[in-house]
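Computed over heavy atoms, backbone and side chain alike; hydrogens, waters and symmetry mates excluded.
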Amino acid sequence: MPLPPPGAAPLPPPQIGAPVPFQPGAVGPPQLPYGPRFAQPAFAPYGGYRAKKSNGGVIAAVAIVAVMAVLGGLLMVITIANGGSKHVADAGYSSYSSYPTTSSSDYTTTTSSDTSTTTTGTSRDSTASRETSAGSTRETSASRAPSGPQPHHKLADNPLWLDNKVGLPNQACNLSRWATNPDASAAFFESARPCLDSVWQQVMSYTNLPFRVPTVKYPSGKNWSSPCGDASGGNVAAFYCSQNETLYMPYEGLQPNQYGNRPGVYLAVFAHEYAHHIQALSGISEAYWDARYEAGTDSAAGLEMSRRNELSAQCLSGTFLGSTVGRGGSVDQAMYRDAWQTQDRGDHNGGPRDHGSDAHAVSWWQHGAQKNRMFECNTWAAKSSDVS
């Protein structure tokens, strides 16, 4: 059954205006190294900053060819010296068909069934083509391709944005009571996860995109590790790592000393990191990192792409809270208001311009909360001035 459009988009909470943008000297979040509340480039999908491409593969290939030429010459000399009746040159290309067909992850070797010519091509899959000793059966990476919906390596034209009637279903979300301690914090997020799983699974199914439930981890202490980076000093905020599809919600990084017993603040953080999971599943994340690498990771164009990515997650976070507030669950006007008033999480603390201004961090979150439509969060199609 097609996913129905969401119910009426909620209005902003009464009697509050847009939060005042952060000003130097004003009371604001402490300066964390990767943004005020969300970790970013150092804790990024696909290993963060990519190494510069090199010519190592070409050099290695030339060296291998040179070694094979030398060995071939030696073999010819030995064959002639031994008085062999058949020279190596007589064998033609068929001599290569005796080489093993198992190859590295970079190349797949396929032997033609009607000629002795061997054709070699590239493969992204870590499983190379294989033959049994009898040569009767073969397993190829193509035959192991996953079935079902696939991610789309697209940004502004990703299927997630294409239907202007699709938003998150308006479902009640029943949450564990928040308390400012690590155990209660973890219980709160565990109770919120099924809500996010449910609504996002419906959207991804409707748009024919893959969906998998993410893992959530709650690191304790000041020093810990993840596949996307290591934390030290207790000053790493929440982040998402696509390498293991895991949301990391370290209690210290949530700044409970500043926000206290205001669960709407933490729910918005959780929904933001979950949005990064959706970006990864849909193919947006990979397309983003490829485009940013080509533009130059820290170039003006690369940093603008980072801002588009983060502000889209901001918008999708607002969409979640806007879709569930007042639906009979735990997300009431007070929780919604706390989230609404604390989205000044932009680039005010120095460092690279990779998240967007406070004003845009606020406005994109509130935009998603009020509109509750996927296409409204398509920052990839927005003007540069709207993601500055």
Side-chain angles (χ1 to χ4, degrees), residues 9-41 155-156 161 237-239 254-255 258-259 262 264-273 275-276 279 288 292 298-323 325 335-388:
L11 297 175
Q15 298 180 345
I16 68 168
V20 178
F22 182 89
Q23 299 294 331
V27 176
Q31 295 189 3
L32 297 182
Y34 307 118
R37 294 194 261 292
F38 300 133
Q40 214 318 90
L155 294 171
W161 318 122
F239 68 95
L254 298 173
Q255 301 169 260
Q258 178 176 348
Y259 294 107
R262 301 173 70 187
V265 177
Y266 311 114
L267 184 60
V269 173
F270 193 59
H272 176 106
E273 300 308 331
H276 284 315
Q279 290 170 333
Y288 152 58
R292 186 175 176 183
D298 293 322
S299 67
L303 291 174
E304 180 176 307
M305 290 178 192
S306 176
R307 295 194 296 271
R308 290 181 186 275
N309 194 59
E310 287 297 322
L311 292 171
S312 183
Q314 272 290 89
C315 182
L316 294 174
S317 170
T319 295
F320 173 70
L321 270 84
S323 70
V325 62
M335 190 179 295
Y336 185 41
R337 183 165 52 248
D338 283 342
W340 182 279
Q341 293 176 316
T342 55
Q343 297 307 312
D344 52 340
R345 56 184 80 252
D347 297 320
H348 60 250
N349 65 338
R353 291 293 323 284
D354 53 20
H355 277 65
S357 68
D358 281 343
H360 284 147
V362 168
S363 62
W364 278 104
W365 193 94
Q366 294 180 353
H367 183 70
Q370 295 177 86
K371 299 296 185 180
N372 189 13
R373 295 294 188 274
M374 295 297 100
F375 84 98
E376 298 283 1
C377 295
N378 185 3
T379 56
W380 302 103
K383 296 182 297 184
S384 293
S385 59
D386 290 335
V387 293
S388 63

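A donor-acceptor contact shorter than 3.5 Å links the side chain of Asp347 to the backbone of His355. The main-chain N or O of Val387 is found under 3.5 Å from a side-chain atom of Arg307 such that the two form a donor-acceptor pair.
Glu376 is linked by a side-chain hydrogen bond (donor to acceptor under 3.5 Å, both in side chains) to His367, counting only residues two or more places apart in sequence or in another chain. Residues that satisfy the side-chain hydrogen bond (donor to acceptor under 3.5 Å, both in side chains) test with Ser312, not counting sequence neighbours, are absent from this structure. Residues passing the ring pair (Phe, Tyr, Trp, His ring centres under 6.0 Å) test with Phe320, sequence neighbours excluded: none. Asn378 pairs by the side chain to side chain contact (heavy atoms under 4.5 Å, CB included) definition with Ala156, Trp161, Trp380, Ala381, not counting sequence neighbours. With sequence neighbours excluded, the residues forming a salt bridge (charged side-chain N to carboxylate O under 4.0 Å, His left out) with Arg308 are Glu304, listed by chain and number. Among residues two or more places apart in sequence or in another chain, the side-chain hydrogen bond (donor to acceptor under 3.5 Å, both in side chains) test is passed with Ser357 by His360.
Inter-residue side-chain proximity for Lys383 and Asp386 is flagged as met; some heavy-atom pair is nearer than 4.5 Å. Here the side chains of Arg292 and Ser306 are in contact, with some heavy-atom distance below 4.5 Å. Between Thr379 and Glu310, the closest side-chain pair of non-hydrogen atoms is not below 4.5 Å. Side chains of Val265 and Gln341 form no contact here, defined as non-hydrogen atoms less than 4.5 Å apart. The shortest side-chain heavy-atom distance between Phe239 and His272 does not fall under the 4.5 Å cut-off. Contact annotation: the side chain of Arg262 approaches that of Thr342 to within less than 4.5 Å [non-hydrogen atoms, C-beta and beyond].
Taken to the nearest 0.5 Å, the CZ atom of Arg373 stands 12.5 Å off from the SG atom of Cys315. Taken to the nearest 0.5 Å, the CG atom of Leu267 stands 6.5 Å off from the CE atom of Met335. Atom CZ in Phe270 sits 15.0 Å away from atom OH in Tyr266 (nearest 0.5 Å). Taking CG from Leu321 and CD from Gln343, the interatomic distance works out to 8.5 Å, rounded to the nearest 0.5 Å. The distance from the CG atom of Leu316 to the CD atom of Gln279 is 6.5 Å, given to the nearest 0.5 Å. The CE atom of Met305 sits 14.0 Å away from the CG atom of Asp354 when rounded to the nearest 0.5 Å.
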Would Trp365 and Ser317 count as a side chain to side chain donor-acceptor pair (under 3.5 Å) if you check the C-alpha gap in whole Å, the side-chain angles of each, and the deciding distance to 0.1 Å? CA-CA 7 Å; Trp365 193 94; Ser317 170; 3.0 Å; yes

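Here the shortest heavy-atom pairing between His276 and Ala313 reads CE1-CB, 3.6 Å.
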